[in-house]
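Note sheet for the following structure.
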Amino acid sequence: MLRDTLKHLVESAVETLITSGQFPGEARVPTEISDTKNPEHGDFACNYALVATKKAGVPPRALGELLASVLMNGATDSSPIASIDIAGPGFLNFKLKPEAISAYVQTILDLGVDLPKAAAEQFKGQKLPRLNVEFVSVNPNGPITVGSARGAAFGDVLSRIFASSGYDIDREYYINDGVNSKQMRLFAESVLSYALNQPLPENGYQGEYVKGVAEDVTRLYPNIDSKSEPATWWQARSQELMIERQRQDLETFGVGFNLWFSEQSMHDSGLVTDSLEKLKLNGAADEGCFRSEVIREGKEERIEQKAEECGPLWLRSTKFGDDKDRVLLRSDGRPAYIAGDVAYMESKLGQRGYDKAIIVLGPDHHGYIPRMNAVCQALGYPLERFEIIIFQIVRFVKDGKPAPMRKRDGNIYELRDLIDEIGANSAPAAPKEEQQRIGRDVARFFYLMRSHDTHMDFDIDLATKQNDENPVFYVQYAHARICSVIAKAADAGFVREAEAARFDSLLTHPTELALIKKILDLPVEVARCTKDYGVHRITTYAVELARTYHHFYDACRVIQTDEPDLSRARLNLCHAARTGLQATLLLLGVSAPERMDREAKPI
RNA sequence: GCGCUCGUAGCUCAGUGGAUAGAGCAUCAGCUUGCGGAGCUGAGGGUCGUAGGUUCGAGUCCUAUCGAGCGCGCCA
């Protein structure tokens, strides 16, 4: 908002200079308004002169001085610019009039928690792409682990960011429920073994959760004679109960989906067969008795054909940049797993017509990128309509040492264990529901603090025991503090009035202006996230916003009975700050408590 | 062997080709007879793995190299 205004002012000043012949036409370059690193440099900086210097053939400082003089000479009372300095190699440093900044308090209050939507301003008049974001998609033979939870948190917040920016977005969970799956058959056999109290099959699934599924089946179908039911019945029941368990854990984690898409449904409907036909028609699949592979020798690359037994249907993915061709139909005619992926791509980009399909996958899947890109192109769709985002591995650290993902008793480290552990340690006396809320808030925040494409350590001790030092509490505390101030102000007779905004121009203190500017950064951060998926910056932003509030709070007393107008202005600012924190925490799926009652420390 | 990701303070990590590379934790020193001290202020701590290159300018881009993790099925 503020930045957009400045950007437009700079651009029109450049136009003025070009039309008057003082700048060459080449000087029309994209420019950016950025923060100043040092507050002494003013409110915002512009790198125009540095970027344009080469094309204009004029030294940057000379460009900057001309531009600054046009900006200042043409300035009216309504211009937000108070002064411009040319600094360093040629930055234009803008100092804004305080009232130009404080005027935005009312804008923030009008937008409320829709504040991120202001990010959509940049898309005005454009039709935003219709998105499908697929994430988690854990096989229905296991629980949501602390590892897959990173993808859950990331995909969820990315979806929230797109939605808040005005995109039409579906969040989808792909259920790997192919009836031919060996894994699922073995899982069902393992469940049955538990139900019958028999030894597990070889390499069978073990752990509490398998037993739990067996108990659930027995409980839900008391009149069923377990033994007499066919294996397919057990497979179907095991699967649906496992999925339900996953769904519940994700819900506790604050992650929801509006579409649950079944792999098997595409086999049943014939979409798999049709999609393979389409590949053949496109010349991207055939039954030739060979497989192409990319051979690399130094920098040289060549494709070699290796003889194979006849029978399978091959996806000639090497035509589209993959390392080797992939099997679509096996020798015995059964579809390979990737056949489902082909149909799934066709479902998303063809049948259902999404403009773009995004898939969030774990680090063990990065080998899929070339082959899935090949699938996309083989079906005749441009690569721009498909994107895989890989999140990196999480290492759990306890007592300063890496903690195994499988616990000593053989059980898998589940997301629900992590949530319970954090909640129980942070608030031992709180009711279960409250503990889960805390566990969810802290776990989500921790996962989201790090860039998704960097390996991260999840320090369980920090997340649980040292909760005083926990950044999520720091942010929530700022919110609770604001709520407390607002309540206190009401006791003192300061209640917001309809025309409260008339006092906003009294906000001139550096910490007041800094706070307003910081709140206005939220839409900027959100807009960036829709481009580079750097959702972790939202957690950094949340901490910075909280800190900026604490600075203001420390420097400016809000409630002063001898300064009623200033008190009202600052109260408005408190409401705006609360709005900013609420909007930020809402994006992160973290709660914004109005009170944080500290439990007595155990002795 | 090939490919992908990462390497920044004691630890965990931010960092949009731009100004003196930042934050939290940890360590040390301060701040409260006023709105929540889960707060604020200050100090110390860096060959941005290494070596080249691109350019007005590189933690950021390119190449090489070292190190860590992951992936390379007619499994799903």
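Throughout, a chain's letter reflects where its sequence line sits, starting with A, and its residues are numbered from 1. The analysis underlying the following values was restricted to heavy atoms, covering all of them including side chains, and did not include hydrogens, waters or symmetry mates.
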Notebook entry, point to check: Distance between the P atoms of C62(B) and U5(B), in whole angstroms?
Noted result: 10 Å

Determine: side-chain N/O of [X] to OP1/OP2 of [N], distance under 4.0 Å, yes or no.
X: R291(A); N: C74(B); result: yes
X: R547(A); N: C40(B); result: no
X: Y474(A); N: C40(B); result: yes
X: R371(A); N: C72(B); result: no
X: H551(A); N: U41(B); result: yes

Cation-pi check for [Y] against [X]: NZ or CZ below 6.0 Å from the six-membered ring centre and within 45 degrees of the axis, yes or no?
X: R316(A); Y: F290(A); answer: yes
X: R568(A); Y: F494(A); answer: no
X: K517(A); Y: F44(A); answer: yes

Give the rounded distance in Å between these two atoms: [atom1] of [X] and [atom2] of [N].
X: R557(A); N: U32(B); atom1: CZ; atom2: P; result: 16 Å
X: F446(A); N: C25(B); atom1: CZ; atom2: P; result: 12 Å
X: D491(A); N: C35(B); atom1: CG; atom2: P; result: 13 Å
X: L515(A); N: G39(B); atom1: CG; atom2: P; result: 18 Å

What nucleic acid atoms does [X] come within less than 4.0 Å of, heavy atoms only: base, sugar-phosphate, or nothing?
X: H365(A); answer: nothing
X: M456(A); answer: sugar-phosphate
X: R326(A); answer: nothing
X: Q392(A); answer: sugar-phosphate
X: E594(A); answer: base
X: S331(A); answer: base
X: A45(A); answer: base

Item checked: Pair assignment for U27(B), Watson-Crick or G-U wobble, requiring both distances under 3.5 Å -> A43(B)

Margin query: Only pairs with both distances under 3.5 Å count, Watson-Crick or wobble alike; so what is the partner of A38(B) in this structure?
Written below: none

Are [X] and [N] stacked, counting the six-membered base ring, centres under 5.5 Å, planes under 30°?
X: Y477(A); N: G39(B); answer: no
X: H41(A); N: A19(B); answer: yes
X: Y337(A); N: C75(B); answer: no

